[in-house]
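Written below as structure tokens is the structure these notes are about.
All chains are named by letter (A, B, ...) in the order of the sequence lines, taking the proteins before the strands, and each is independently numbered beginning at 1.
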Amino acid sequence: MDAQTIKSLVAIFLAAILTENYVLNKFLGICPFLGVSKKLDTAVGMSCAVTVVMVIATAVTWPLYMFLLVPNGLAYLQTIVFILVIAALVQLLETVLRKYMPPLYNALGIYLPLITTNCAVLGVTMLVLEKGAEDPSFGYLQSLVNSFGSGVGFLVAMVLFAGVRERLENCDIPETFKGLPITLVAASLVAVSFLGFNGVVDGLL
Amino acid sequence: MEKKNTSLWREFTKGIIKENPVLRLVLGCCATLAVTTAASNAIGMGAATTFVLVCSNVVISLLRKVIPDKVRIPAFITIVAGFVTIVQLFIKAFSPSLDKALGVFLPLIVVNCIILGRAEMFASKNKVLPSLLDGLGMGVGFTATLLAMGIIRELLGAGTVFGIPVFSGFMEPIIIFLLPPGGFFVFGMLIALAGKLSKEGKAPESTGCAACPLAASCQKLQQKDNGKEAAN
């Protein structure tokens with residue numbers, strides 16, 4: 001692997017975390033972002049589980065699409081195949097973790113069933129294929145790096161937001177804004193801060 | 001007979017105001033936030049989701065006695081994914097520009113919790129006609145909310161409504177309303193407003209866990225949190 005490839009992989013990784021953040025820029029995975037970001041450790045557990053599933057799901061769906069669906073003219077079945085593959089993968093992962101890695105299962109296990117219908121996971125498997133269609137150099141390795149970066153970006157957003165929410169708990173909020181509205185306004189402010197990353201990655205490398 | 005008609009009417013109207021899926025049950029937030037940068041996209045997304053919601057509600061209601069309880073979620077997902085594929089192909093053929101505007105959020109209707117939520121909460125327990133009306137009502141409620149958000153964001157962010165200039169001349173568009181932060185902000189304001197106008201007079205505490213098919217595992221999470229608080 002030459003320096004140029006490594007450089008481009010680092011750029012893809014950083015872009016996935018900062019400028020193309022799944023939660024704050026692309027609006028994918030909003031439900032867990034709003035639902036399980038109340039406590040820091042639940043937020044971290046959920047994001048780690050999402051990252052793991054994202055990478056594994058991309059690792060499986062990418063070859064499946066390229067070598068099975070496209071050659072047979074079945075690309076239109078993408079949605080239905082991908083969601084079933086993800087559902088099966090999540091189930092498999094849960095079983096394997098429970099059997100062979102109980103400590104990891106205790107940490108991530110309860111989050112896994114929630115991930116099947118997480119749009120960030122299905123979204124990443126489809127978006128990497130879209131990117132690959134636009135840019136032929138965006139292959140399997142790049143897709144995996146992008147998925148991993150997206151997962152880390154999800155983690156960053158969740159952790160930042162969990163911090164903001166813990167501070168919010170002690171604030172005196174107007175009655176009408178208690179609960180979800182103030183959470184969304186806070187999310188809006190966190191998203192403003194992420195706007196600042198636009199163009200940063202291109203400038204870095 | 002009359003009583004039956006009123007109850008059917010109620011199944012239809014509850015989704016529009018009282019149990020509005022987005023503002024009161026807080027389901028399907030991703031699509032709501034992502035596609036509402038223009039009013040026309042909002043209508044396209046709303047119509048596509050309504051179609052899938054009505055069809056999947058009808059089919060799931062028809063199959064409710066056939067599908068074994070243990071595998072119901074994968075079965076529901078497969079049915080929904082089938083209808084989503086139909087809508088995807090249809091929109092690709094007849095409105096490529098809408099297909100481009102909605103992008104990945106079109107196939108992502110499959111994981112929109114409104115659809116699985118209604119399947120789990122309503123269609124799997126009720127007869128076909130109420131399920132159809134429930135789906136239609138929820139779909140109309142979803143579309144109306146998306147449209148409201150789309151109009152607000154397009155008006156403030158681009159100074160147009162459905163592409164027709166409204167603000168030309170006397171006000172600069174506030175571009176941030178088209179960007180992600182504006183989406184979160186407008187959504188928060190609408191939820192606060194809907195909460196204030198509702199009977200309870202307050203906004204929902206969190207996302208719509210109760211209607212989510214995976215609520216059981218989520219409740220485990222909350223119990224874990226609560227357990228920690230008690231231990232502290």
Side-chain angles (χ1 to χ4, degrees), chain A residues 21 24-36 38-39 41-42 45-46 76-84 87-88 91 110-114 116-123 126-127 130 174-195, chain B residues 26-35 73-74 77-78 80-82 84-85 88-89 103-105 107-113 116 176 179-193 195-196 201-209 212-214 216-218 220-221 224-225 228:
Chain A
N21 190 288
L24 297 168
N25 275 18
K26 287 199 178 137
F27 292 131
L28 289 164
I30 300 291
C31 293
F33 179 66
L34 297 175
V36 282
K38 247 189 179 156
K39 291 277 173 308
D41 56 343
T42 359
M46 180 75 186
Y76 66 92
L77 285 180
Q78 190 194 31
T79 313
I80 202 162
V81 169
F82 279 23
I83 187 74
L84 291 178
Q91 201 65 52
I110 44 171
Y111 306 100
L112 284 174
L114 286 172
T116 314
T117 53
N118 182 333
C119 45
V121 176
L122 185 60
M126 290 178 167
L127 284 171
E130 239 170 59
E175 194 57 39
T176 319
F177 278 86
K178 270 194 183 139
L180 206 53
I182 194 71
T183 312
L184 281 160
V185 173
S188 159
L189 294 176
V190 177
V192 171
S193 71
F194 267 71
L195 279 185
Chain B
V26 202
L27 296 169
C29 328
C30 299
T32 311
L33 289 164
V35 302
I73 303 275
I77 291 180
T78 316
V80 175
V84 170
T85 308
Q88 250 183 301
L89 293 174
V104 76
F105 285 93
L108 284 182
I109 294 176
V110 103
V111 282
N112 187 325
C113 7
L116 269 185
I176 199 158
L179 299 172
F184 282 115
F185 185 76
V186 174
F187 193 35
M189 292 297 152
L190 280 182
I191 288 189
L193 184 70
K196 185 82 191 160
K202 59 174 202 263
E205 202 42 50
S206 185
T207 42
C209 290
C212 170
L214 306 160
S217 24
C218 226
K220 266 191 238 158
L221 277 185
K224 196 177 152 221
D225 276 349
K228 274 211 190 97

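Nearest heavy atom pair, residue K26(A) against residue A34(B), reads O-CB, 4.4 Å. Taking both residues in full, the closest heavy atoms of A81(B) and I83(A) are given as CB-CG2, 4.0 Å, listed atom of the first, atom of the second, then distance. For the pair I80(A) and T78(B), the tightest heavy-atom approach, listed with the atom from each and the gap, is CD1-O, 4.0 Å. For the residue pair G29(A) and C30(B), the shortest heavy atom distance occurs at N-SG, 3.6 Å.
Annotation: F27(A) is not in aromatic contact with F105(B) [ring centroid separation under 6.0 Å not met].
The shortest distance between side-chain heavy atoms of V185(A) and M189(B) falls below 4.5 Å. Counting heavy atoms from C-beta outward, F185(B) and L184(A) have side chains that stay 4.5 Å or more apart.
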Step by step, would you call L108(B) with L28(A) a side chain to side chain contact (heavy atoms under 4.5 Å, CB included)?
CA-CA 10 Å; L108(B) 284 182; L28(A) 289 164; 3.1 Å; yes

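For chain B, the nearby parts of L24(A) are the backbone and the side chain; heavy atoms of each come within less than 4.5 Å. Looking at A187(A), both its backbone and its side chain come within 4.5 Å of chain B, counting heavy atoms on both sides.
A side-chain contact (heavy atoms from CB on, under 4.5 Å) with F184(B) is found for exactly one of I30(A), V190(A), T183(A), namely I30(A).
Applying the side-chain contact (heavy atoms from CB on, under 4.5 Å) test to L195(A) and every residue at least two apart in sequence or in another chain returns N198(A), I176(B), L179(B), P181(B). Take Q78(A) and apply the side chain to side chain donor-acceptor pair (under 3.5 Å) test, not counting sequence neighbours, and it matches no residue.
Of the inter-residue distances, the one linking L34(A) atom CG with L33(B) atom CG reads 8.0 Å to the nearest 0.5 angstrom.
Contact count versus chain A (heavy atoms, under 4.5 Å) is highest, among P74(B), G82(B), P107(B), for P107(B).
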